[in-house]
Amino acid sequence: MSARELARCLRVLRNGACTGWRWLRRISGDDAFEQYLRHHARTHPYAPALSRRAFYEAELARKWSGINRCC
């Protein structure tokens, strides 16, 4: 295998690992604050965004308020 082919294989592996990491962060909710900041900048450019802590507390309140059972 030439150095050029090896470099291409390493690029493909790195891109795949990066894609996998982004996918894992998305499904676990780890990137929720970054998504919120992107959305907020797009839709409310002149309003201040929540801090990371305030966002976390608001998400906990949203998630656990209301009925949390099936019946």
Side-chain angles (χ1 to χ4, degrees):
M1 180 177 285
S2 71
R4 188 177 200 157
E5 291 171 332
L6 181 61
R8 182 180 178 281
C9 287
L10 289 175
R11 265 194 319 275
V12 168
L13 285 173
R14 186 187 69 220
N15 290 342
C18 289
T19 300
W21 183 249
R22 282 192 303 269
W23 177 80
L24 182 61
R25 288 190 74 220
R26 173 66 55 96
I27 65 167
S28 69
D30 189 46
D31 68 343
F33 183 67
E34 289 85 4
Q35 287 183 25
Y36 159 73
L37 289 177
R38 283 192 297 270
H39 167 78
H40 187 79
R42 248 190 348 264
T43 58
H44 312 286
Y46 300 110
L50 295 173
S51 67
R52 185 178 290 270
R53 182 182 187 101
F55 173 77
Y56 176 72
E57 290 170 352
E59 282 296 299
L60 282 178
R62 180 193 61 79
K63 182 177 178 181
W64 295 107
S65 64
I67 298 173
N68 293 319
R69 55 185 161 77
C70 67
C71 305

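Quick note: residue numbers are just sequence positions, from 1.
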In Å and rounded to the nearest 0.5 Å, what is the CG to CG distance from Leu24 to Asp31?
10.0 Å
Is a donor on one side and an acceptor on the other found under 3.5 Å between the side chain of His44 and the backbone of Ala49?
no
Hey, any chance Leu37 and Leu50 share a hydrophobic cluster, counting ILVMFWY side chains that come within less than 4.5 Å of each other, even indirectly?
yes
Salt-bridged, Glu5 to Arg8, with N to O below 4.0 Å?
no
How are the rings of Phe55 and Tyr36 set relative to one another: parallel (under 30°), tilted (30 to 60°) or perpendicular (over 60°)?
parallel
List the residues meeting side chain to side chain donor-acceptor pair (under 3.5 Å) with Thr19, not counting sequence neighbours, and say none if there are none.
Arg22
List for me each residue that meets side-chain contact (heavy atoms from CB on, under 4.5 Å) alongside Arg52, sequence neighbours excluded, and say none if there are none.
Phe33, Glu34
